[in-house]
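To start, the structure under review is shown below, and the notes come after it.
Quick note on labels: first sequence line is chain A, next is B, and so on, each numbered from 1.
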2 protein chains.
Amino acid sequence: MTALSIMLVDDHPIVREGYRRLIERQPGHRVVAEAETAAEAYRLFKSATPDLTVMDLSLPGAGGLEAIRHIRQWDRTARILVFTMHQSAPFALKAFEAGASGYVTKTSPPEELIRAIDTVARGGRALSADIAADLAAERLTRRGGPLDELAPREAEILRMFASGQAAEEIAEALCLSLKTIQNYHSQIKAKLGARTDAHLVWLAIAEGLVLDRREP
Amino acid sequence: MTALSIMLVDDHPIVREGYRRLIERQPGHRVVAEAETAAEAYRLFKSATPDLTVMDLSLPGAGGLEAIRHIRQWDRTARILVFTMHQSAPFALKAFEAGASGYVTKTSPPEELIRAIDTVARGGRALSADIAADLAAERLTRRGGPLDELAPREAEILRMFASGQAAEEIAEALCLSLKTIQNYHSQIKAKLGARTDAHLVWLAIAEGLVLDRREP
DNA sequence: CCGATCCCTGGGAAATCTTCCCGATCGGCC
DNA sequence: GGCCGATCGGGAAGATTTCCCAGGGATCGG
């Protein structure tokens, strides 16, 4: 096999520069494309067809998760390695759900990124040690997020509420009674121990139910 | 004068690597120290006494702003250039208030960082073009951030509310009537056009009134 | 000094929302 | 079948929100 072709997706040119130098220091690794936005990533992927894509989640416009879904929809065999600053297990889970094969945080030592690239290129899965530890702790303690307490419907309504939708809008969107939404709202606050709507928003953010900046 | 000595402060090793290579490509620029946390930055500054410090705002533990204040408290002549992903005029203002001499976003082309480093080293002030445009637009249109609409008291109450405090708690903390807080709350929502408390929290986050993760 | 204006503080009253309790249905599971 | 939890909503008392209003204080131009 010849060189491994790689596409970089990150909205910070200087940061891309750092990745590129680091990656191309490895023999047999070539960066063949660089994209700044989700749309550009999708477009470039189709023309460059890299063996592997290294993608940040925080992108202007549609977020990185959207980009991953689009690319995977176009090529189900695409290997995508998420490389992001978000040191959050919920983000990592979302990335894998969207179709990523790896998740490495930018706080990791450079060797970890290199190792993850090789692993993912070989068809494997890679996960940052810190995130892996988080997930393990979550599984062991059975309550990494208080969200486990919530029924699916409750979590869904919390997500909509925390993202700013009014109770009436949620009711309409879900074809439910306003009263039902209000009841859920009270129940969710009670279950999570939130005394305030604002507190509820922070909990939703902390659990990765809603994303603070644009999206991933 | 001999070489310009520079300290880098950023919690991502790989990102620091990128900066360092970029900076040291300039003749007469030498990176003499690298720090990952605010505490480390303060400690290293005292021993390395760099001519200029390039600092990210998102640091583990105490944030970058805190580091800037500490360093400037120790050396009022310290030249600090903030280099961060936060493309937000309020963040930039906070940085300058804390004692920074420059603010460049990571979305800027590399040359802008180089130019800013030289400007700040020479005793000047530097500001990213995008942030400068934001500030100008804010001044011109009188509402770049919707928060300009708010009276100081309103902003204060919004901050407390958005950070999760209940109306009653705010009233007690400020020695005001609960009714007053409730009235403010309604008025703030009306002024900012927020239909929902959650929406209000997002606005407060977007304007940098409250900080999502740790601090800047 | 005077009026205009804005900020800060709160009362009143009607409308709305929250909370708590309750019943109903439906699908799993023992 | 019986039990349990998830989902969906009504009812009523209590709390909150909203809108309107008002007085005091500060500032500013005339």
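- In this structure, B/R69 pairs ionically with B/E66, as a charged nitrogen and a carboxylate oxygen lie closer than 4.0 Å.
- Following rounding to the nearest Å, B/R195 (CZ) and D/dT17 (C1') show an atom-to-atom distance of 16 Å.
- Taking B/R16 as the reference, B/E34, B/E36 meet the salt bridge (Lys or Arg N to Asp or Glu O under 4.0 Å) condition, with sequence neighbours excluded.
- Listed by chain and residue number, nothing satisfies the ring-ring contact (aromatic ring centres under 6.0 Å, His included) test with A/Y184 (two or more places apart in sequence, or in another chain).
- Residues passing the side-chain contact (heavy atoms from CB on, under 4.5 Å) test with B/Q182, sequence neighbours excluded: B/L178, B/K179.
- Evaluation of the side chain to side chain donor-acceptor pair (under 3.5 Å) test over residues 38-50 of chain A, restricted to residues two or more places apart or in two chains, returns none.
- For A/Y103, there are no ring-ring contact (aromatic ring centres under 6.0 Å, His included) partners two or more places apart in sequence or in a different chain.
- Axis angle across the helix from C/dC1-D/dG30 to C/dC30-D/dG1, with five pairs used at each end and values rounded to 10°: 30°.
- In terms of the side-chain contact (heavy atoms from CB on, under 4.5 Å) criterion, residue partners of A/A116 (sequence neighbours excluded) are, by chain and number, A/L81, A/V104, A/A126.
- Close approach of DNA chain C to chain A, defined as any atom under 4.0 Å from a non-hydrogen atom of the protein, starts and stops at C/dC17 to C/dC20.
- Between the P atom of D/dT17 and the CD1 atom of B/I157 lies a distance of 13 Å, rounded to the nearest Å.
- Scanning for salt bridge (Lys or Arg N to Asp or Glu O under 4.0 Å) contacts around B/D11 gives an empty result, with sequence neighbours left out.
- In this structure, A/H185 places its NE2 atom 17 Å from P of D/dG9, rounding to the nearest Å.
- Contacts classified as salt bridge (charged side-chain N to carboxylate O under 4.0 Å, His left out) and involving residues 99-109 of chain B (residues at least two apart or in different chains) are given here: B/D10-B/K106, B/D56-B/K106.
- Comparing A/S186 and B/N183 by the nucleotide of DNA chain C whose heavy atom lies nearest to each, the residue mapping closer to the 5' end is B/N183.
- Of the residues in residues 161-182 of chain A, those with a non-hydrogen atom less than 4.0 angstrom from any atom of DNA chain C are A/K179, A/Q182.
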Hey, can you pull the donor-acceptor pairs under 3.5 Å for the side chains in residues 156-169 of chain A, sequence neighbours left out?
{"from": "A/E156", "atom 1": "OE1", "to": "A/R153", "atom 2": "NH1", "distance (Å)": "3.0"}
{"from": "A/S163", "atom 1": "OG", "to": "A/R159", "atom 2": "O", "distance (Å)": "3.3"}
{"from": "A/S163", "atom 1": "OG", "to": "A/M160", "atom 2": "O", "distance (Å)": "2.9"}
{"from": "A/E169", "atom 1": "OE1", "to": "A/A166", "atom 2": "N", "distance (Å)": "2.9"}
{"from": "A/E169", "atom 1": "OE1", "to": "B/R195", "atom 2": "NH2", "distance (Å)": "3.0"}
{"from": "A/E169", "atom 1": "OE2", "to": "B/R195", "atom 2": "NH2", "distance (Å)": "2.4"}

